[in-house]
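Let me begin by presenting the structure, written as structure tokens, before commenting on it.
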Number of protein chains: 2
Amino acid sequence: MVNFTPVKQIKASDEIGNQLRNAIFEGKYLAGDKLPSERELIELFQISRTVVREAIKGLEASGLVEIKQGAMGGAFVKLMTFERLTNVCQELFTMEKMSFAEVCEARLQIEPMVAKLAAQNCTPEMAEKLREASRNEEHILDYPDTVYLRQKVHYILADMSGNRFLAAIVKSLLQVISKATAKFEPSHEKVHPAGLHDAIIAAVIAQNGSQAEAEMRKHLQEFTLMLDAVEKEYRYTEK
Amino acid sequence: MVNFTPVKQIKASDEIGNQLRNAIFEGKYLAGDKLPSERELIELFQISRTVVREAIKGLEASGLVEIKQGAMGGAFVKLMTFERLTNVCQELFTMEKMSFAEVCEARLQIEPMVAKLAAQNCTPEMAEKLREASRNEEHILDYPDTVYLRQKVHYILADMSGNRFLAAIVKSLLQVISKATAKFEPSHEKVHPAGLHDAIIAAVIAQNGSQAEAEMRKHLQEFTLMLDAVEKEYRYTEK
DNA sequence: GATACGTTAAATGTATGACATATGATATTA
DNA sequence: TAATATCATATGTCATACATTTAACGTATC
């Protein structure tokens, strides 16, 4: 039996898309750089404009480049950020690949760890940032901004962990949760009164890792309970 | 000052892409469903084929649909899976948005937790699966398959956690690590001798959560050390 | 000289028509 | 009945024309 291998008819647009994608991954084009224009790509690949455009459209859709039109326009390589991770998490939640309970549990597992790491890395500057964020928690703005102020401490702690991946996960989960709960705009006094982070902050500033971890866990458990209560009430008043 | 808002000139292809995307998110089209054909979309949106094709290409690139050509072909909605999360992690690592050390640390933080959850949920059937995976760890196949056999226990434990998000994170990290280390194909006897998971498995089957956690942590610390050593040796022999 | 304005050029965006190719369904034939 | 040819329906590619957007340059006006 001869070992023939099936030929895969790859679409020209995919082929070109892949070549450009790899060039970006290999650092041939850095963030901010402009890919060759459509005309140039037509020349380079000896292929029709349709194909070139569809290839670039694919890169744009997968978030690798941003297209600007007009003179000096073109496909510019975007700075890769952890935003993409957040988007995927959001989509997975929207498509019901993970439940609200799972998201909350994941957070409950991960954030205490992150708080512990933050405590181990705490510097005086970071301590001051935490205090400031804590003071600002009292302010009431419009809904999304208020949510952001309440979450600020979590964001700072995530960054203090010194681990960009863990930080991104924590932030992604936070965003999924706030977006999911936004529809019934829970009142902050009920679900998240000011000063709720004080114990965590104190422990972190004292560089007491295990206590920071414990306080964070306690905080998240309480928060989840409160959220549950508010959500039940919301469903009751709606029906 | 009148409150004029800037008009955003949205591209037709993006507009249509968004409408289709939202329809999918809202469940108007389920996994396996076929979107209207290009002709139909032209009619529906009263727009050129160019635009329709670019819109669909965008959906394909973001992994929402799969395009089949030929009769009975078209754009079919893909089943959303956690594979997308893995891909993003891989890309973030490739683009150096997170270091190997960060990936290892994240794993060291998360997997012990997952092992603990797995222990709490362990059933007799799961126990048997673990034992079987452990037995198969001795086999030596070609490189990637061998790696898979060595990791199988981790995959099973991840699923046993009962939390699809945590499971997906663990699997993603595993894949990033194995892909990153594949280039110097570390010999398994050195870096990951068979039987290394025995203590973890025993603790999980005994439903002893805290011990499973501790054993997993110990295992990962040892594994990281061995990996470091092998990597140093590799760099030495290369230069 | 500074500012407003028009012109131009370079790039992407859209429309249209033609043909190529892939592929399932169906009819035809040995 | 089974292989084969044909057909219909999709998507894939090409080519051309025109529209639109936008930065840069030049020019007139004050």
Side-chain angles (χ1 to χ4, degrees), chain A residues 4-21 23-24 29-78, chain B residues 4-21 23-24 29-78:
Chain A
F4 291 123
T5 59
V7 296
K8 53 175 177 180
Q9 270 290 20
I10 191 168
K11 287 191 290 181
S13 55
D14 288 340
E15 169 64 23
I16 292 176
N18 285 335
Q19 288 199 35
L20 291 172
R21 183 183 306 265
I24 294 173
Y29 296 102
L30 301 177
D33 287 358
K34 186 170 106 87
L35 298 187
S37 71
E38 293 180 357
R39 302 270 163 84
E40 292 169 302
L41 290 173
I42 291 171
E43 279 302 312
L44 288 172
F45 292 108
Q46 287 296 312
I47 210 153
S48 79
R49 195 171 163 218
T50 313
V51 169
V52 167
R53 282 187 59 80
E54 288 188 5
I56 300 230
K57 187 75 190 177
L59 295 184
E60 188 195 23
S62 39
L64 283 180
V65 304
E66 180 180 16
I67 300 176
K68 285 197 272 232
Q69 53 172 325
M72 301 290 103
F76 294 86
V77 177
K78 283 218 290 188
Chain B
F4 291 123
T5 59
V7 295
K8 52 173 179 181
Q9 269 293 21
I10 191 168
K11 287 191 292 182
S13 54
D14 288 339
E15 168 65 22
I16 292 175
N18 285 335
Q19 288 199 33
L20 290 171
R21 184 184 305 267
I24 294 172
Y29 296 102
L30 302 176
D33 286 358
K34 185 172 106 91
L35 297 188
S37 72
E38 293 180 356
R39 302 267 166 87
E40 291 170 302
L41 289 173
I42 291 171
E43 279 301 312
L44 287 172
F45 291 108
Q46 286 296 311
I47 210 155
S48 80
R49 194 173 164 214
T50 314
V51 170
V52 167
R53 281 188 60 82
E54 288 188 6
I56 299 231
K57 187 76 190 176
L59 295 184
E60 188 194 23
S62 40
L64 283 180
V65 304
E66 180 182 15
I67 299 175
K68 285 198 272 232
Q69 50 174 326
M72 301 293 101
F76 294 85
V77 177
K78 283 218 292 187

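Please read these numbers as outputs of a predicted model, since none were measured by experiment. Below, chain A is the first sequence line, B the second, and so on; all start at residue 1.
- The side chain of B:Lys11 has C:dG13 as its nearest neighbour among D:dG12, C:dT12, C:dG13.
- For DNA chain C, the residues of residues 71-78 of chain A within the heavy-atom distance limit of 4.0 Å (strictly under) are A:Ala71, A:Gly73, A:Gly74, sorted by number.
- A:Ser37 comes within contact range of the sugar-phosphate backbone alone, with a heavy-atom separation under 4.0 Å but no base atom that close.
- With hydrogens and angles ignored, the 3.5 Å screen pairs no side-chain donor or acceptor of B:Glu54 with any backbone N or O of B:Val51.
- Between C:dT12, C:dA15, D:dT11, one nucleotide has an atom nearer to the side chain of B:Val51 than all others, and that is C:dA15.
- Two residues, A:Ser13 and A:Gly70, neighbour DNA chain D, and the one matched to the more 5' nucleotide by heavy-atom proximity is A:Ser13.
- The existence of a salt bridge linking B:Glu60 and B:Lys57 is confirmed by a sub-4.0 Å separation between a basic side-chain nitrogen and an acidic carboxylate oxygen.
- Using modelled atom types, no side-chain atom of B:Asp14 and backbone atom of B:Lys11 make a donor-acceptor pair closer than 3.5 Å.
- Ion pairing of A:Arg49 with A:Glu38 is present here, as a side-chain N (NZ or NE/NH1/NH2) and a carboxylate O approach within less than 4.0 Å.
- Under 4.0 angstrom from either OP1 or OP2 of D:dT13 there lies no side-chain N or O belonging to A:Ser48.
- Distance check, rounded to the nearest 0.5 Å: CD1 of A:Ile42 to OG1 of A:Thr50 gives 8.5 Å.
- With the nearest nucleotide of DNA chain D identified for both B:Thr50 and B:Lys34, B:Lys34 has the one nearer the 5' end.
- One finds a side-chain N or O of A:Arg53 lying less than 4.0 angstrom from the OP1 or OP2 phosphate oxygen of C:dG13.
- With rounding to whole Å, B:Lys57 atom NZ is found 16 Å from C:dG13 atom P.
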